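Here the structure comes first, spelled out in structure tokens, and everything after it is commentary.
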Amino acid sequence: MSRYSAADIEPKWQAAWDKLGVFTAKRDESRPKYYVLEMFPYPSGRIHMGHVRNYTMGDVVARYKMSTGHNVLHPMGWDAFGMPAENAAMAIGGHPKDWTYNNIADMRAQMKPLGLSIDWSREFATCDPEYYGQQQALFLDMLDAGLVTRKNAVVNWDPVDMTVLANEQVIDGKGWRSGADVERRELTQWFFKISDMAEELLEALDGLDNWPAKVRLMQENWIGKSRGLEMEFTLSAPAHGHDTLKIYTTRPDTLAGASFMAISPDHPLSKALESDNADLAAFNADCRRMDTTEAAMEKAEKRGFDTGLTVRHPLDDSRTLPIWVANFVLMDYGTGAIFGCPAHDQRDLDFARKYDLPVIDTFVAMDSDARVENTAFTPPKTEKVRWIDQPAGVTEATGQEAIDATIDWAEARGLGQGKTQFRLRDWGLSRQRYWGCPIPVVHCADCGVVPEKKENLPVQLPDDVTFYIPGNPLDRHPTWRDCACPSCGKPAKRETDTMDTFVDSSWYFARFTSPHAATPTEKADAEYWMNVDQYIGGIEHAILHLLYSRFFARAMNVTGHLPAKSREPFDALFTQGMVTHEIYQTRDAKGRPVYHLPEDVSDGKLADGTEVEIIPSAKMSKSKKNVVDPVSIISAYGADTARWFVLSDSPPERDVEWTAAGAEAAHKFLTRVWRMARELADQRDAGVGDLDKSLQDLMDSMQLGMNPLDDELMRATHKAIDDVTKGVESFGFNAAIARIYTYVNALSKSQASARMKWTSMRILAQLMSPMTPHLAEEMWALLGGEGLVVETPWPTPDDNMLRDNTVTMPIQINGKRRGEISVPVDMSKEDVEKQALASDPVQKALAGGTPRKVIVVPGRIVNVVI
RNA sequence: GCGGGCGUGAUGGAAUGGUAGACAUAUCGGACUUAAAAUCCGAAGGGCUUUGCCCGUGUGGGUUCGAGUCCCACCGCCCGUACCA
């Protein structure tokens, strides 16, 4: 071979790894285990660059850990249930099952050429009956343990298609197919009682030291613990059997500033009033004609309806407050009723101005008497303020102090109770869809809702279903629902709801430890392999997937399927950024955007010379025509180039922009490295000198009398090992790669002996092996390395080789760089100061005077203040 | 709306509160070549009155001997917002 050919190299080494089974994970108590996991993909049919980046990062970690003596588990599977399969069946015909398994086969075939160190023997798809049957067993155990409940919840209902819509299927309040106005409809649904674990899920965040702080913060805010006051207001006159209105507030300190009450359209009082108030009924109906997302609710115009009812103000019997129905009050949170304090809440203020309600200040800033006009006064709860009217008698205090005092005050007088509230709601898992895990329960006329017997699992999806009409095919299947009641044996009907696909992805990491066991997990395997030492995935999963998985791990511990140490299943988490690409866009006659494929654009112009508008760094999407297909990159340059590029150009947690030039450059670099190895190998073949087995051997034999050029390269090699190791261990892959570039530049310029260069080149192969494993094996083999790189221990640097004798220190005058001095590393602070003061720029600036202050940061900098 | 994050040369980016721009791309110059490609070597933030000085990390303030980094406000983009996965 006379030039670098990935097409020849890559399949060869993949076959070599397969033959030895180096990636097959086996329990081995004698070695420390390391479980590295990337979030498994949805089988859309094509892998994309985001997958390449995600799995390459995991592969770097896995291969590095392998080389440091760990027994590595690195599995792969498919998050295979979900709506796209049903949508495909509706759009193009066929069956979700065929579509899904075909996609999996395609994606596996696209993924394998990447040369990932995956144990494919553990592969499974969540739509395998073997997997979802165990998920049903888990569900039954959780039901038994009291972790599951049934209650009502609202869904998006499409009245034309007669079907439940997902939030993403509701566009501007209308169904995506029918275009009909979507309605909120209440259904009885299954829930996991995740809110029972809110406190623990919150507190345990503290222990997740190796998770990004931002993810812990997002989860903390999502769980949303707050302490407030629950209290009752007395209605001036009872209405529809209600004589009090129970509210929950996190700001009881502002009670004196209450100027109206607001209740949810779904509040029992609001519903009761509908019967004799047609206008209110119409208002409520209008409020319910909105999709169910929080964003839509919050962004909608704030509207209210005056019920005409009033309550008495608890602080002053002579004051009455009107009760309004307001579209921004959620029935799900607190009691579905609040008091409005316009002076200290912007939303309440906007509402008060709109409907001409009073604004009553209860506190002002320490240094100002300014009253609220059109901006509510909402200082942080930690800021001290002056109170005008405070029930608990507080005069000067922070908001938080006033809240605490008011809760105590209200409890002492029997006006209300302090209450800790969580924002986190129970996890509704019912889905009215076919392509999901059937919920294994039976509805019996006599016995009610009965769990299916474990020996009847899996409750399998029927294959003979059609998708010509919307709705759940399980519902309309002629026979599938029919079954015997597990309790009394009489004819009964199966539940037709299936599980949220988040359930599937909430325990797959545990299943990988024994993917084909007859129980959800196998004790010894779970005990050995858990926890996941390093989990890698997108930041978009920061809340739901990760929170649900944390809940599931606890539930699996409660039900005996995971050890207690796995209640937190992911020891370390890394969230990686997206792969983006420029969009090339022109406009049609009507000014609408027209998108163009990258290959149709050169020098910012189309073939016919039309200038294109370039939109940088956009998420890859088919409709914008800016998708780069990994398969074509691999066939053009090879997997190592693709892997090298996605790691090199951006820090892993940030987005990386795919550019053709960048890919080209990555390939050129790998070619250059290969050529250097080839040339050295040719010299060896010509019989110049002997090879040493390792860097250590070389050092031992050359330590004395080494020539300066060898010494220089030796030091560069040790520094490269040190820096690359640190980079890989800290997810600084781009920095590690930059360091490899520097090292290669030094190596190619070096005039050191052939022996030294051979050894350095082999070290280079090792340092590159986690990122470009095929090229590394090839170099290793060319240079006479023993065995495979993948099985060779990672090199360790010698501390003596990392130390420099002198250091260059910049000299600042008043914080601006004015010169530098070179001093021995271990020179004392005093001597460094003397040298710095004696230097030309300082002497010049001092002009005979004395400095006001001299700061010496050893090994770093000297700052002279004049 | 709310919660979280990000913003540095032409471009991707580097920088434990301590020399801003490592490394790479694009560009320019040189070597090699009949020529080109490839390869190798080199230059380069902007400006000026160029022994040196000024400006410069989205914008405006602040803390510090010293701020890309910490604090406050604002602008823009991205992620999430509970039935997309």
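What you are looking at is a predicted structure, and each value in this text was computed from that prediction instead of being measured. Chain identifiers are assigned alphabetically (A, B, ...) following the order of the sequence lines, protein sequences preceding nucleic acid strands; residue numbering begins at 1 within each chain.
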Say you pick atom P in B:C72 and the same atom in B:A20; how far apart are they, in whole Å?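 About 26 Å, rounded to a whole number of Å.
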If we take the C1' atom in both B:G56 and B:U51, what is their distance in whole Å? 24 Å
Is any side-chain N or O of [X] under 3.5 Å from a base N or O of [N], one able to act as donor and the other as acceptor?
X	N	answer
A:Q432	B:C83	yes
A:R818	B:U19	no
A:N167	B:C83	no
A:Q189	B:C83	yes
A:E653	B:G5	no

Counting runs of three or more consecutive pairs, Watson-Crick or G-U wobble, with each distance below 3.5 Å, where are the stems of RNA chain B?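 When the pairs of RNA chain B are grouped into runs of at least three, the stems are B:1-7 with B:75-81, B:10-12 with B:23-25, B:27-31 with B:39-43, B:45-48 with B:52-55, B:58-62 with B:70-74.
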Reckon [X] touches a base, only the sugar-phosphate, or nothing at all at heavy-atom distances under 4.0 Å?
X	result
A:A542	nothing
A:N221	sugar-phosphate
A:G82	sugar-phosphate
A:P41	nothing

Classify the ring geometry of A:F669 against A:W644: parallel below 30°, tilted from 30° to 60°, perpendicular beyond 60°. parallel
In terms of base orientation, is B:G9 syn or anti, with the syn window spanning 90° either side of 0? syn
Taking the six-membered ring for Trp, are the ring centroids of A:F192 and A:Y548 within less than 6.0 Å of each other?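 Centroid distance A:F192-A:Y548: not below 6.0 Å, so no.
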Row check, A:W157 ring normal vs A:R184 NZ/CZ: under 6.0 Å, within 45°: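 Cation-pi check for A:R184 and A:W157: fails.
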